[in-house]
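Down below is the structure, laid out as structure tokens.
Just so it is clear, the structure is predicted and the values come from calculations on it, not from any experiment. By convention in this document, chain letters (A, B, ...) are assigned in the order of the sequence lines, proteins followed by strands, and residues within each chain are numbered from 1.
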Protein chains: 2
Amino acid sequence: MRTSDKHTKIIEAAITVFARKGFFSARISDIAKEAQVADGTIYLYFNNKYDILISLFEEEIGKIILEVKLLMEKESDPRSMLQIFALHHMQLMEEKRELAEVLQMELRQSNKFMKEYRNTKFIEYVDVVSAIIHKGQEEGVFRKSLLPGVFKRAFFGALDETSRLWVLSPDHTYTIAEAAQQISDIFISGIMAEGQA
Amino acid sequence: MRTSDKHTKIIEAAITVFARKGFFSARISDIAKEAQVADGTIYLYFNNKYDILISLFEEEIGKIILEVKLLMEKESDPRSMLQIFALHHMQLMEEKRELAEVLQMELRQSNKFMKEYRNTKFIEYVDVVSAIIHKGQEEGVFRKSLLPGVFKRAFFGALDETSRLWVLSPDHTYTIAEAAQQISDIFISGIMAEGQA
DNA sequence: ATCTTATGAATGTGTATTCATTCATTTTTT
DNA sequence: AAAAAATGAATGAATACACATTCATAAGAT
């Protein structure tokens, strides 16, 4: 049992179990079994059940942010940046279904049972979008009247809700890429400055 | 103790308590206290804790659907219909904060712990949007290439996420009406058919 | 007097967390 | 080089507690 990172194994097991049952219905023993570890071992790596969830958030969203920021650095046109953000976000939901479910569901719930916990990683992720809008406005591509704070939520909400339902429903009348394309098209042509193509 | 509808009192209390603590952390005794009723009385009106949540969904979303459909009947321009839907949805979130929080949070969670329960009322609500798109496409106002199934999710998601955050954050840099206006503007000008104003 | 509605203490279950014990490795002693 | 001692990661049975649900009893209505 050397050479196996228990911390990572537990986090991965927790993603699977939380996705299947939800945080509250998930039992520590479920996670332990999934991770092939004793119940008590979990408490050597995490303080309690909440702590597993929070660590999971921080670490996984952290990775996503790194990826996205890297992608954004390679682009300069704000329109392409939005398109790429949309596609990347939705592909992520497709490729990492379990993680997606946990993030989408428990993110909402989390404020309730962890009053003190402010999900700063998540804010950082969504702020990538407002930064794009800001850039687009400065370059005169996007309307100045747009409120970046409204836009980032609307754009993220649109992507998130669409991918959430896509993951849930068994029969897909459209692909993830099509949906991402449609959504970024709508938003981009909806926010162009006057006189821009 | 006549003249007071216990069923309604319990539902209202449950909205308050679920909003404050979330479904899982809410205790039956909390709801009973809030409704000024004994713990056991709740079981005269509901089968169990889940049943309270489901009844709450059905009844409250039912009322909202009635309101919205009435509003839609008074309009004929698909663009105005989207605007009105957006404004109405967001005002609802402002006026009925507690209900909004419960619907937004538990709606996501609900699939997990009630596998059998399909939230048909909620689907009916969102389908109001796809009906508008369909109408707009038939009249040649909206692009034919739009997938109504994608649009309804994107539009609803945008409104929902924006209002969710508006309700959570203490300092508002914009009003609900402004946000609703911006979002419907973006979507409408983003989906117009070629050659339309 | 009977039926309906309401009460809240008691019950029972589920499960998060603890902690005494095990045992494979590593370190020290001879 | 072998034996003895120390270490601490891992275990999982035992604990402790929270809380949904029940039900014997009471209050109110007709």
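Within 4.0 Å of B:F46, counting heavy atoms only, lies no atom of the nucleic acid at all.
With rounding to whole Å, B:F24 atom CZ is found 13 Å from D:dA20 atom C1'. The NE2 atom of A:H7 sits 17 Å away from the C1' atom of D:dA10 (whole-angstrom rounding). Computed from coordinates, the A:D30 CG to C:dT15 C1' distance equals 10 Å when rounded to whole Å. Put simply, CG on B:D39 is 16 Å from P on D:dA18, counting in whole angstrom units. Nucleotide C:dT13 holds its P atom 16 Å from the CZ atom of A:R27, rounded to whole Å. Rounded to an integer number of Å, the gap from CG of A:D51 to C1' of C:dA16 is 14 Å. In this structure, A:K33 atom NZ and D:dG12 atom P are separated by 13 Å, rounded to whole Å. A:I42 places its CD1 atom 10 Å from the P atom of C:dT17, with the value rounded to the nearest Å.
For B:Y45, no side-chain nitrogen or oxygen approaches OP1 or OP2 of C:dT5 to under 4.0 Å. Dashed line: the shortest gap from a side-chain N or O of A:K6 to OP1 or OP2 of D:dA10 is under 4.0 Å.
No salt bridge links B:E58 with B:K63; every basic N to acidic carboxylate O contact stays at or beyond 4.0 Å.
In the set C:dT17, D:dA10, C:dG8, the nucleotide with an atom closest to the side chain of A:N48 is C:dT17. Here the side chain of A:K49 is nearest to one of C:dA16, C:dA6, D:dT11, namely C:dA16. Nearest nucleotide to the side chain of A:I28, out of C:dT7, C:dT17, D:dA20: C:dT17. With C:dA16, C:dA6, D:dT11 as the choices, the nucleotide that has an atom nearest any side-chain atom of B:L44 turns out to be C:dA6. With D:dA10, C:dA16, C:dT7 as the candidates, the nucleotide lying closest to the side chain of B:A38 is C:dT7.
Along DNA chain C, the nucleotide closest to B:V37 and the one closest to A:N47 are compared, and the more 5′ of them pairs with B:V37.
Interatomic distance, A:K121 NZ to A:F57 CZ, rounded to the nearest 0.5 Å: 13.5 Å. In this structure, OG on A:S80 lies 12.0 Å from CG on A:L71, to the nearest 0.5 angstrom. One finds the CZ atom of A:F46 at 8.5 Å from the CG atom of A:L56 (value rounded to the nearest 0.5 Å).
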Enumerate donor-acceptor pairs with a distance under 3.5 Å from any side-chain N or O in residues 83-94 of chain B to protein atoms, sequence neighbours excluded.
from	atom 1	to	atom 2	distance (Å)
B:H88	NE2	B:E67	OE1	2.8
B:H89	ND1	B:Y125	OH	2.8

